[in-house]
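Worksheet: one structure, shown below.
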Amino acid sequence: YIIVLNALTIVTNSIIIVVNIAIKQLNAMTCPIMFLTDEFVNLNLSIIEAHDDLTNQDLLRAYFDGKPWTTTYTNNGLEAFEAYRKEQPDVVIADFRMPILDGFEMAKSIRDYENSNQLKNIPIVIVTADALEETEKRSKEISNTTFLTKPVRRARLLEAINAVSK
């Protein structure tokens, strides 16, 4: 039993190392030069990122590595909404499918809060593996929302953040 557990630990650690190397290589391959210069990226961004999948959170951490942004990572839509109310970020990035509040429910909660408190609508980027036209249409029904389908390349995500943060 102990031998099996040790073997599983070794395999898991090896997989984590391989994934981290792959993320770093992907990060290097998909970063256009324009995002490395200050003139294209708002350097004072505050971002809330909501993903229930820790692998996706790790990928976004790798994407944002080296950026001078303040990023708060949350595990579901409710945590993201609570962080939004506390921090008033510049941008929220959220997965569509999450527990407690999904990305759309979270976005609607944010818009309701903004409207009831006479706040400006912050940009929300909805990220999903669901590429159905109906899902994209639902995203567009929420004001100031950008819809991206997975897999999201670093360049595309940074482009979306740059576009909404100007």
Side-chain angles (χ1 to χ4, degrees), residues 19 23 26-27 30-32 34-166:
V19 168
I23 287 171
L26 178 64
N27 192 24
T30 60
C31 179
M34 66 181 236
F35 289 109
L36 300 177
T37 64
D38 294 350
E39 68 182 293
F40 291 98
V41 178
N42 178 346
L43 295 180
N44 298 312
L45 279 180
S46 170
I47 298 173
I48 292 176
E49 197 283 323
H51 249 97
D52 61 319
D53 183 322
L54 296 180
T55 302
N56 286 325
Q57 278 189 16
D58 288 343
L59 179 64
L60 292 181
R61 276 188 174 89
Y63 282 1
F64 298 161
D65 188 39
K67 297 289 180 230
W69 305 331
T70 302
T71 306
T72 300
Y73 295 89
T74 61
N75 299 308
N76 61 61
L78 182 59
E79 285 180 15
F81 175 64
E82 290 171 351
Y84 161 79
R85 288 190 341 200
K86 180 181 174 188
E87 298 175 22
Q88 299 291 302
D90 299 302
V91 180
V92 173
I93 302 167
D95 189 15
F96 166 51
R97 297 192 192 284
M98 292 184 292
I100 306 176
L101 286 179
D102 69 27
F104 292 125
E105 293 166 333
M106 179 218 61
K108 184 178 179 335
S109 296
I110 288 173
R111 292 296 179 251
D112 290 345
Y113 180 83
E114 290 168 337
N115 293 337
S116 67
N117 291 284
Q118 291 85 39
L119 299 172
K120 177 183 149 196
N121 286 180
I122 62 149
I124 299 173
V125 178
I126 300 287
V127 180
T128 182
D130 181 351
L132 296 175
E133 188 176 310
E134 178 182 320
T135 306
E136 185 171 2
K137 181 181 175 190
R138 187 174 171 201
S139 173
K140 290 180 179 180
E141 292 172 357
I142 303 168
S143 63
N144 202 11
T145 302
T146 301
F147 180 82
L148 299 177
T149 55
K150 293 178 184 177
V152 177
R153 298 279 187 221
R154 182 176 191 263
R156 179 65 189 110
L157 181 59
L158 294 178
E159 178 182 300
I161 293 168
N162 191 46
V164 299
S165 67
K166 289 184 178 181

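Sequence positions, counted from 1, serve as the residue numbers for this chain. Side-chain atoms are counted along with the backbone in the values below, which use heavy atoms only and exclude waters and symmetry mates.
With hydrogens and angles disregarded, a donor-acceptor distance shorter than 3.5 Å links the side chain of Thr74 to the backbone of Glu49. A donor-acceptor contact shorter than 3.5 Å links the side chain of Asp102 to the backbone of Phe104. In terms of modelled atom types and a separation under 3.5 Å, the side chain of Tyr63 and the main chain of Val152 share a donor-acceptor contact.
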Note to self: As a quick check of understanding, evaluate side-chain contact (heavy atoms from CB on, under 4.5 Å) for Asp95 and Asp53, giving each step before the final call.
What the structure shows: CA-CA 9 Å; Asp95 189 15; Asp53 183 322; 5.7 Å; no
Checklist line | side-chain contact (heavy atoms from CB on, under 4.5 Å) between Lys67 and Leu158, worked out | finding: CA-CA 10 Å; Lys67 297 289 180 230; Leu158 294 178; 4.2 Å; yes
Next item on the list: With side-chain contact (heavy atoms from CB on, under 4.5 Å) as the test, would you mind laying out the steps for Leu60 and Leu157 before giving the verdict?
Entry: CA-CA 9 Å; Leu60 292 181; Leu157 181 59; 3.2 Å; yes
Item checked: Pair Asn75-Leu54, side-chain contact (heavy atoms from CB on, under 4.5 Å): steps then yes or no -> CA-CA 8 Å; Asn75 299 308; Leu54 296 180; 3.8 Å; yes
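Between Ile161 and Ile93, the closest side-chain pair of non-hydrogen atoms falls below 4.5 Å. Residues Ile110 and Asn121 have side chains not in contact (no heavy-atom distance under 4.5 Å, counting atoms from C-beta outward). A 4.5 Å side-chain heavy-atom check between Ile100 and Glu79 finds every atom pair outside the cut-off. Taking the side chain as every heavy atom from C-beta outward, Ser109 and Leu101 approach each other to under 4.5 Å.
Looking at Arg61 and Asp65, no side-chain N of the basic residue comes within less than 4.0 Å of a carboxylate O on the acidic one, giving no salt bridge. With respect to Glu159 and Arg156, a salt bridge is recorded, a charged nitrogen being found less than 4.0 Å from a carboxylate O. By the 4.0 Å N-to-carboxylate-O rule, Lys108 lies too far from Glu105 to be salt-bridged with it.
Using modelled atom types, one finds no donor on one side chain facing an acceptor on the other under 3.5 Å when comparing Ser46 with Glu87.
The heavy-atom pair separating Pro89 from Ile48 by the smallest distance is CG-CD1, 3.5 Å.
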